[in-house]
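Some notes on the structure that comes next.
Residue numbering restarts at 1 for every chain, and letters A, B, ... go by the order of the sequence lines. All values below were derived from every heavy atom in this structure, side-chain atoms included, with hydrogens, water molecules and symmetry-related copies excluded.
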There are 2 protein chains.
Amino acid sequence: MNRRSSIDADGKDLPRSIGGRITDQLRVEILRGDFAPGARVSIKVLSERFNVSLSPLREALTRLGSEGLLSSDEQRGFWIAPVSASDHAEVTRLRISFERMALQEAILKGGIEWETRVMAALYRMNRIDRSIGGAEAKEAWETAHRTFHVELLAACDMPLLLQFVALLHGLSDRYRRIFLASNPPDKSSALEHERIADFAVSRRNEEAVDLLGKHIERTGNAVRKKLMATKQTIDVSNDK
Amino acid sequence: MNRRSSIDADGKDLPRSIGGRITDQLRVEILRGDFAPGARVSIKVLSERFNVSLSPLREALTRLGSEGLLSSDEQRGFWIAPVSASDHAEVTRLRISFERMALQEAILKGGIEWETRVMAALYRMNRIDRSIGGAEAKEAWETAHRTFHVELLAACDMPLLLQFVALLHGLSDRYRRIFLASNPPDKSSALEHERIADFAVSRRNEEAVDLLGKHIERTGNAVRKKLMATKQTIDVSNDK
DNA sequence: TTATTGCAAAAAATCGATTTGATAGTCAAT
DNA sequence: ATTGACTATCAAATCGATTTTTTGCAATAA
């Protein structure tokens, strides 16, 4: 084991190549809502900003394109993926279907190890109060929240499904962060997380799965309301 | 409309950039089974073979990586995605779930346009006898087969879901072509295609969806049998 | 005015060279 | 013989320059 990668808390290798680092960095920024949907992404501008050459940058953009965070046309470059009510509806619907399937499996296959990690992730997330504190508290909560959802499904032992779930989760998060940014933290959401975790570890499959579905749907509806309201005012620029 | 791209029969733009062309070319070759699962992919060798430089080639490999056709580690390059019984099982299971959902929707939303295209694709596929003729007849059937499955679900109006379905279909096809290459064309499969199409256009939702599921499962089982048998002999090289 | 063509500027895509990192093989020390 | 450090070699990753394509603008014709 003479890999020179830095290792994070979970023991997973962190990307060390420029391409990998930039991919991660840009992903965070897009999900955070730093770029307007539909906005052109200039390769040269970014390469100057990050002080890297075109090749690793193009690779990063290609990857983010595959994740649905960017759109692209050949010879015409990349732009931030547009937002739309129909896209959001599909993301939400697929999340419900996929995550239900994954949770069902995770409950069947998970053991004490899994239970422990779920409860740990739940605790960590609840420990962070994102209503006080600045941007970094917010980021910390986002990370903990993502980790909770990941750990909840991790035991399902279906790597492809988890990959799809992660991708959809990213897309979904972007909508939530864009349109619910101004809203206060959601109390009932916190409660739902607790109950989902409880149902899951006590193997009450149906209740866990149903509540997870409801949880996704409820958040989705809140976003949809805002999205519809916003749509009237600022119609999102959509090149295509 | 001063796009200089060539246009195919369906009016869609074909990729003209080197990166795009190479991506498509390599995808075909991998799905066709030209490379052994687990085989190292040398960037330099490929760049010499295609007479292109590293940049567009790396981009192509990155894309195919996102599609699950290649695996990669940073600083250690790319290799053809390994095959395994568990991976194949997951692909099959997800295909059943996703394609059922898509077909259900397509039947609800599709109109005469859709019906026509489905029946047309069915006809074209049946018109090709892949038991006679050489490799190009085989390729033609593969294309027609893929087109049939695409048209069948196209009306569902869920672009993300269709993207996932296409990805899984690619992975699934690879298994079929690797492990069922020696088998004679499957008679009952042809019959199933007919019946699925009939059920679909006559809006017999449940029957159509169930049969599609069975169709995928049956083909999957045939592959699984071969895969298990082969596993004993040639244990697949798996770097990781 | 509206449409069309030609041209210059800008941006995307690609190239070939260079740098950085991984790996296998050798040799010395235990 | 086995381990560990060192080095030569090979491959991946990155760079900066060059080529190709798109795009915005202006001039001209309908």
Side-chain angles (χ1 to χ4, degrees), chain A residues 1-7 12-26 35-36 38-66 69-81 237-240, chain B residues 1-7 12-26 35-36 38-66 69-81 237-240:
Chain A
M1 168 64 83
N2 64 338
R3 305 282 289 282
R4 31 62 234 140
S5 315
S6 23
I7 304 281
K12 282 179 293 193
D13 283 16
L14 290 174
R16 267 191 42 87
S17 72
I18 294 183
R21 276 206 312 274
I22 291 188
T23 306
D24 291 347
Q25 173 69 23
L26 277 176
F35 303 91
R40 242 177 158 311
V41 172
S42 162
I43 305 183
K44 208 178 78 189
V45 168
L46 281 182
S47 85
E48 279 163 9
R49 186 187 136 200
F50 287 117
N51 256 293
V52 301
S53 73
L54 295 324
S55 332
L57 193 41
R58 283 189 62 84
E59 235 177 88
L61 298 181
T62 302
R63 280 215 195 84
L64 296 173
S66 303
L69 266 23
L70 298 176
S71 308
S72 67
D73 270 352
E74 289 194 356
Q75 323 278 32
R76 308 214 291 136
F78 298 83
W79 58 93
I80 305 294
S237 72
N238 184 342
D239 293 0
K240 189 54 180 286
Chain B
M1 168 64 82
N2 64 339
R3 306 280 288 281
R4 33 58 239 139
S5 315
S6 24
I7 304 282
K12 282 180 293 192
D13 284 15
L14 291 174
R16 266 190 46 85
S17 72
I18 294 184
R21 276 205 313 275
I22 291 189
T23 305
D24 291 346
Q25 174 69 24
L26 276 177
F35 303 90
R40 238 170 162 314
V41 172
S42 160
I43 303 183
K44 207 178 78 189
V45 168
L46 281 182
S47 86
E48 279 164 10
R49 184 186 138 199
F50 287 118
N51 255 294
V52 302
S53 73
L54 295 325
S55 333
L57 193 42
R58 283 189 63 84
E59 235 176 89
L61 298 180
T62 302
R63 279 214 197 84
L64 296 173
S66 303
L69 265 24
L70 298 176
S71 308
S72 66
D73 270 353
E74 288 193 359
Q75 321 278 30
R76 308 214 291 137
F78 298 83
W79 58 93
I80 307 293
S237 72
N238 186 341
D239 294 359
K240 190 57 179 288

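Proximity of B/Phe50 to B/Arg21: side-chain heavy atoms (C-beta onward) are nowhere separated by under 4.5 Å.
Here B/Arg16 does not pair with A/Glu74 in a salt bridge; the nearest charged N to carboxylate O distance is not below 4.0 Å.
Contact record, A/Gly19 with A/Ala60: O-CB, 4.2 Å, taken as the closest heavy-atom pair. Minimum interatomic distance between A/Leu64 and A/Leu26 (heavy atoms only, all atoms of both residues): CD1-CB, 3.6 Å.
OP1 and OP2 of C/dT20 both lie 4.0 Å or more from every side-chain N or O belonging to B/Arg76. The side chain of A/Ser53 places an N or O atom within less than 4.0 Å of a non-bridging phosphate oxygen (OP1 or OP2) of D/dC15.
Going from atom CZ of B/Phe78 over to atom P of C/dA22 covers 15 Å, rounded to whole Å. Between the C1' atom of C/dA12 and the CD1 atom of B/Ile18 lies a distance of 12 Å, rounded to the nearest Å. Across the protein-nucleic acid pair, A/Arg21 atom CZ and D/dA13 atom P stand 13 Å apart, rounded to whole Å. Regarding A/Leu54, its CG atom lies at a distance of 9 Å from the C1' atom of C/dA12, rounded to whole Å. Note: CZ (B/Phe50) to P (C/dC15) measures 13 Å, nearest angstrom. Going from atom CD of B/Glu74 over to atom P of C/dA22 covers 10 Å, rounded to whole Å.
Comparing B/Gly77 and A/Pro56 against DNA chain D, the residue whose closest nucleotide sits nearer the 5' end is B/Gly77.
Atom CD of B/Glu59 is separated from atom OG of B/Ser17 by 7.5 Å, given to the nearest 0.5 angstrom. Atom CG of A/Leu54 and atom OG of B/Ser55 lie 8.5 Å apart (nearest 0.5 Å). Atoms CD and CG, from A/Gln25 and A/Leu46 in turn, are 10.5 Å apart once rounded to the nearest 0.5 Å.
Minimum atom distance to the side chain of B/Arg16 is reached by D/dT21, of the listed D/dT21, D/dA11, C/dA11. Of the candidate nucleotides C/dT14, C/dA13, D/dA13, D/dA13 has the atom nearest to the side chain of B/Arg58. The A/Arg40 side chain lies nearest to C/dA11 when the options are C/dT14, C/dA11, C/dA17.
The stretch residues 41-48 of chain B touches DNA chain D through B/Val41, B/Ile43, each having a heavy atom under 4.0 angstrom from the strand.
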